[in-house]
> 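Just dropping this structure here.
In what follows, chains carry the letters A, B, and so on, assigned in the order in which the sequence lines appear, proteins first and then strands, with residues in each chain numbered from 1.
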Number of protein chains: 2
Amino acid sequence: MATTTAKRGRPRSFDREAALEQALRLFWERGYEATSVADLTTAMGIRPPSLYAAFGDKGALFGEVVDRYRESHGAYATRALAEEPTARAGVARMLREAAAMATDPDHPWGCLLISSTVNCTSPEVTGAVRELRNANVRALESLIRADVAAGHEPAGTDPAALAQFTAAVVQGMSQRARDGATRAELERVAADAMRIWP
Amino acid sequence: MATTTAKRGRPRSFDREAALEQALRLFWERGYEATSVADLTTAMGIRPPSLYAAFGDKGALFGEVVDRYRESHGAYATRALAEEPTARAGVARMLREAAAMATDPDHPWGCLLISSTVNCTSPEVTGAVRELRNANVRALESLIRADVAAGHEPAGTDPAALAQFTAAVVQGMSQRARDGATRAELERVAADAMRIWP
DNA sequence: TCATTTCTGTAGTGATCGCTAATGAAATGA
DNA sequence: TCATTTCATTAGCGATCACTACAGAAATGA
């Protein structure tokens with residue numbers, strides 16, 4: 001594994017996790033393609049050979065950044081859907097927290113999974129992150145469908161349509177945050193979006 | 001003006017409008033930054049000096065592309081809001097047509113004004129197009145406000161919130177289209193979004 | 001102590017970026 | 001005809017792209 005601690009030879013002189021966090025911030029703010037390896041090494045405080053030895057290449061580093069993002073800043077969505085008693089309550093909480101996350105002044109605005117691979121020339125990178133987004137839509141649809149089957153939602157509920165609508169709103173909120181929309185404005189968008197539930 | 005016909009000297013040997021349309025397609029599909037001048041000259045069928053003589057530089061060419069887009073593929077939104085009798089009817093039509101436009105197989109998916117400058121390193125280009133988006137939100141808010149004042153919408157209507165919500169949905173639909181959402185799926189999103197109107 | 005292993009810093013690689021100098025070709029007006 | 005004007009072509013500018021060969025430095029086990 002890339003994260004195992006070396007037992008022999010000269011030890012790494014930088015904090016791998018701290019360097020990864022710097023890379024995450026940079027990719028979040030500028031996107032995959034617009035972030036150069038020179039930008040990364042400067043922000044991470046290391047030289048190119050150290051980056052390549054520790055992370056492979058730019059694409060593999062971005063892959064680790066995506067994983068780290070999903071387990072940290074992006075984990076609120078999975079948590080909201082898993083912890084709330086119904087899909088409806090989960091989506092409401094997810095949208096509410098998305099408004100707060102996307103406008104948090106402590107980190108770049110918007111969602112890394114949504115913005116960082118827009119206009120990316122690498123089909124592999126673009127496709128991998130797109131697949132994560134589309135998988136999230138399918139997972140949400142399944143969650144709603146299960147809730148309808150269990151009688152937690154009205155029989156007229158359309159799981160696919162609700163999932164698509166929710167995805168569009170979340171992704172639109174991310175873009176609006178990048179354009180300067182405030183947390184209050186996006187919380188209002190989130191609350192309005194919930195009114196379409198049957 | 002850049003569009004006036006030359007009266008003396010060797011005439012231009014290519015169709016400026018046709019070349020501009022090719023540039024529009026490329027910028028629409030790949031975004032501003034990921035489209036290189038070499039890509040552009042190949043698609044436009046000209047050599048770099050001809051591009052620079054006719055359009056200035058890459059940024060100016062993109063500016064003309066944006067203008068052309070707003071007057072062609074992007075004009076449906078302004079038309080919808082201007083031609084329908086109420087803001088509500090205008091927004092409903094705009095969202096419906098946005099679903100069709102964003103998934104039209106005859107051109108790149110999504111909206112050029114929304115996607116082409118995401119992750120762009122030029123503050124001028126990014127800022128100019130962001131301002132167009134934000135101006136559209138403000139214009140929609142004013143339209144709704146005027147409609148409320150004229151009694152065409154219920155007194156409880158919140159123009160700013162409705163404009164933000166509509167902007168988020170439109171921008172989310174563009175992103176979903178780029179991820180492969182179908183016209184029918186986005187038309188359903190558009191129809192659902194209208195249900196939040198009072 | 002010393003060979004082995006792994007990391008770090010210097011200094012690049014070839015490719016591509018946006019852009020342009022220089023020259024010749026094709027039109028005009030006089 | 002012929003000077004003038006404008007465009008097209010070739011070729012290449014310096015800067016930056018992702019990435020790496022190489023050598024020295026710092027740890028290990030024997």
> Classify the ring geometry of A/His73 against A/His107: parallel below 30°, tilted from 30° to 60°, perpendicular beyond 60°.
perpendicular
> Round to a whole Å and report the spacing from CG of A/Asp15 to P of C/dT8.
12 Å
> Between C1' on D/dA8 and CZ on B/Phe14, what's the gap in Å once rounded to a whole number?
10 Å
> Is any side-chain N or O of A/Ser50 closer than 4.0 Å to OP1 or OP2 of C/dC7?
no
> Please report, rounded to the nearest Å, how far the P atom of C/dT6 is from the CZ atom of A/Arg47.
22 Å
> Under the 4.5 Å side-chain heavy-atom rule for ILVMFWY, direct or indirect, which residues accompany B/Val137?
none
> Please collect all salt bridge (charged side-chain N to carboxylate O under 4.0 Å, His left out) contacts where either partner lies in residues 36-63 of chain A, sequence neighbours excluded, each pair once.
A/Arg30-A/Asp39
> Look at the rings of B/Phe14 and B/Phe55 and say which category their plane angle falls in: under 30° parallel, 30 to 60° tilted, over 60° perpendicular.
tilted
> So, using salt bridge (charged side-chain N to carboxylate O under 4.0 Å, His left out) as the criterion, who are the partners of B/Glu141 when residues are at least two apart?
B/Arg145
> For D/dC7, does OP1 or OP2 lie under 4.0 Å from any side-chain N or O of B/Ser13?
no
> Using the six-membered ring wherever Trp is involved, compare the ring planes of A/Phe27 and A/Tyr32 and label them parallel, tilted or perpendicular (cut-offs 30° and 60°).
parallel
> Given salt bridge (charged side-chain N to carboxylate O under 4.0 Å, His left out), test A/Arg25 with A/Glu29 step by step and report yes or no.
CA-CA 6 Å; A/Arg25 297 295 176 123; A/Glu29 178 161 359; over 6 Å; no
> Name all pairs fulfilling the salt bridge (charged side-chain N to carboxylate O under 4.0 Å, His left out) condition that reach into residues 156-176 of chain B, sequence neighbours left out, sorted by first residue then second.
A/Arg188-B/Asp158, B/Arg176-B/Asp179
> Mind grabbing the angle between the end helix axes of the helix from C/dT1-D/dA30 to C/dA30-D/dT1? Five pairs an end, 10° rounding.
0°
> Whole angstrom is fine here: how far is it from CZ in B/Arg12 over to P in D/dT9?
13 Å
> Suppose we screen for salt bridge (charged side-chain N to carboxylate O under 4.0 Å, His left out). Which residues come up paired with A/Arg93, at least two apart in sequence or across chains?
A/Glu83, A/Glu84, A/Glu97
> Could you list, one pair per line, each protein nitrogen or oxygen that sits under 3.5 Å from a nitrogen or oxygen of nucleotides 23-25 of chain C, together with the distance?
from: C/dG24; atom 1: N2; to: B/Arg10; atom 2: NH1; distance (Å): 3.4
from: C/dA25; atom 1: N3; to: B/Arg10; atom 2: NH1; distance (Å): 3.3

> Take atom CZ of B/Phe62 and atom P of C/dC17, then tell me their distance rounded to the nearest Å.
17 Å
> Nearest whole angstrom, please: distance from the P of C/dC19 to the CG of B/Leu61.
10 Å
> With sequence neighbours left out, write down each residue that passes salt bridge (charged side-chain N to carboxylate O under 4.0 Å, His left out) with B/Arg79, or none if nothing qualifies.
none
> Please list residues of residues 29-46 of chain B whose heavy atoms come under 4.0 Å from any atom in DNA chain D, ordered by number; otherwise none.
none
> At under 4.0 Å, does any side-chain N or O of B/Tyr52 touch on OP1 or OP2 of C/dT20?
no
> In whole Å, what is the span from the CG atom of B/Leu51 to the C1' atom of D/dA8?
13 Å
> Distances under 3.5 Å only, N/O to N/O: pair up the protein atoms with those of nucleotides 2-4 of chain C.
none

> CZ of A/Arg16 versus P of C/dC7: gap in Å, rounded?
11 Å
> For a quick test of your reading: what N or O donor-acceptor pairs under 3.5 Å do the side chains of residues 146-154 of chain A make, sequence neighbours left out?
from: A/Asp147; atom 1: OD1; to: A/His152; atom 2: ND1; distance (Å): 3.1
from: A/Asp147; atom 1: OD2; to: A/Ala87; atom 2: N; distance (Å): 2.7
from: A/Glu153; atom 1: OE2; to: A/Arg88; atom 2: N; distance (Å): 3.3

> Nearest heavy-atom pair of A/Val170 and A/Leu95: which atoms, and what distance?
CG2-CD2, 3.3 Å
> What's the shortest heavy-atom distance between B/Met173 and B/Leu186, and which atoms?
O-CD1, 3.5 Å
> Which other residues belong to the hydrophobic cluster containing B/Val118, where Ile, Leu, Val, Met, Phe, Trp and Tyr are joined when side-chain heavy atoms lie under 4.5 Å apart, directly or via other members?
A/Val118
> With DNA chain C as reference, determine whether A/Ala53 or A/Pro48 sits nearer its 5' end, using the nearest nucleotide of each.
A/Ala53
